[in-house]
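Below is one structure, written out as structure tokens; comments come after it.
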2 protein chains.
Amino acid sequence: MAGAAPSKSRLRADARRNSEQIRAAAIGAFQGQGLTVPLEEVAKAAGVSKATIFNRFGGRIGLIEAVIEEVVASELFAVIDHTRTIDDVGERIAYYLTAIRDLQYRQPAFNDVLLQTYPHSQQLMEICRVGSEANEELIAAARASGALRPEFTAADLHALVVDNALALKHGKRPPRDDYDRRTIYLLDGIRGRSSPSGER
Amino acid sequence: MAGAAPSKSRLRADARRNSEQIRAAAIGAFQGQGLTVPLEEVAKAAGVSKATIFNRFGGRIGLIEAVIEEVVASELFAVIDHTRTIDDVGERIAYYLTAIRDLQYRQPAFNDVLLQTYPHSQQLMEICRVGSEANEELIAAARASGALRPEFTAADLHALVVDNALALKHGKRPPRDDYDRRTIYLLDGIRGRSSPSGER
DNA sequence: TCGTAACTTGACTCATCGGGTCAGCTTACC
DNA sequence: GGTAAGCTGACCCGATGAGTCAAGTTACGA
């Protein structure tokens, strides 16, 4: 712990308190409205002025990077990790796509990461990269097992998710049960004919 | 023909010529870039100033209404009409969805109509209404014949098309063959199990 | 070949939006 | 209580594109 945040101890007490309030407000705002929420709104929720966000975090990207772990990265990585533990490839795909779409529905910020709204943030780009790798890994496994139709590519999967991100970002969110039903249509459309439900 | 455009004869020759040039430029611009193309650009393509568009058409909506028939309505109605001539319901659905998606891909303006970008235009709203009715008619037929999965609703079809409009409008267009492949995934995802190919 | 009304247009205003900055005041801390 | 750290309101900025208008130009009838 020592040395991890030496700069913090150099902060005055009020500054440290404000930083914490801003972080908390940012987490709430990003989760509710995505990463593009006006900084003014975050500031208001934190009870400080917009300029203080610039003082403490240097701007939107600094603020995002200070909280992105809690807002989306941890959840995304949990999904990816859990996906890897599923043996049956058909199930693995169903779980992955469902979980990603769930994340997209619940966390507008996730879509902003996915759509690379802030390409200047290394950290955000890194999250994207990890996601893409998970995609490709999954498609490779699917191809080997025939769980997906053979012509289905990683680019197809990517497009599926990105298009959904755009629809959620720019359109109006459907009721949850409609959304979930449509997830099933998607899964059925990309599944291979061979293993309709696999073993077990 | 007489009496159809009495106001036209009251226009001075240069005004009539400009109107025609603006119409032509608008058709090109709307087809290429959608209904949201800056009027300045239309004016430039027509070789007139932006103010002339306001003089002749009153603004964007007037201009849109003066050319929407040629830009999207005729094609859309042709698709709807042709859809009605197809006997086999499975085929009818496949044709309709494929044709609509083709229209969406080729004509950005079609997506603008669909997304109701200009709700103040009666004419545009009317086109939407006709489209919605075609959707519902199709879903009713599908439900009766079992060509679609029974839980698939008209709202699902609508969402499918609208989401695609948003993806095309805000994302980058995929290569045509990828797009068409994904159309097939969609169709396979919503088809009923009973009639995989129907009679013949 | 005028007179004039119709027409066109460059240059303008307006409005929206949110990022980013800074002088000057306030406050924590030694 | 001195002082540097910190905060903030008020500002500027840049981008965008719709819509307007005074002043100049042109078609056209007489």
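Numbers restart at 1 for each chain; the letters A, B, ... are given by sequence-line order, proteins then strands.
Put simply, CZ on B:Arg10 is 17 Å from C1' on D:dA27, counting in whole angstrom units. Straight-line distance from the CZ atom of A:Phe57 to the C1' atom of C:dG20: 17 Å, rounded to whole Å. A straight line from NE2 of B:His120 to P of D:dG19 spans 10 Å, rounded to a whole angstrom. The interatomic distance linking B:Arg16 (CZ) with C:dT8 (P) rounds to 12 Å, in whole Å. Atom-to-atom, CZ of A:Arg17 to C1' of C:dT26 comes out at 13 Å; the value is rounded to the nearest Å. With rounding to whole Å, B:Arg12 atom CZ is found 12 Å from D:dG29 atom C1'. Atom-to-atom, CG of A:Leu11 to C1' of C:dC29 comes out at 14 Å; the value is rounded to the nearest Å. When the P atom of D:dG17 is taken as reference, atom CG of B:Leu63 falls 16 Å away, rounded to whole Å.
Heavy-atom distances under 4.0 Å link DNA chain D to B:Lys50, B:Ala51, B:Phe54 of residues 48-56 of chain B, given in residue order.
Residues A:Val48 and A:Arg17 form no side-chain contact, since every pair of their non-hydrogen atoms from C-beta on lies 4.5 Å or further apart. You'll find the side chain of B:Thr98 reaches within 4.5 Å of the side chain of B:Leu187, heavy atoms only. Side chains of A:Tyr185 and B:Asp188 form no contact here, defined as non-hydrogen atoms less than 4.5 Å apart. Proximity of B:Ile68 to B:Ile127: side-chain heavy atoms (C-beta onward) are separated by under 4.5 Å at one or more points.
Aromatic ring orientation, B:Tyr95 versus B:His82: perpendicular (interplanar angle above 60°, classes split at 30° and 60°).
Of the side-chain N and O atoms in A:Asn18, one or more sit less than 4.0 angstrom from OP1 or OP2 of D:dC7.
Heavy-atom distances to DNA chain D give each of B:Val37 and B:Ala13 a nearest nucleotide, and the one nearer the 5′ end belongs to B:Val37. Between A:Asp14 and B:Pro38, the residue whose closest nucleotide on DNA chain D is further toward the 5' end is A:Asp14.
Proximity of a side-chain donor or acceptor of B:Asn111 to a complementary backbone N or O of B:Gln104 within less than 3.5 Å is detected.
Residue B:Ala15 places its side chain closer to C:dC7 than to any other of C:dG18, C:dC7, D:dG6.
Under 4.0 Å is where a charged nitrogen must lie from a carboxylate oxygen, and between B:Glu41 and B:Lys44 no such pair does.
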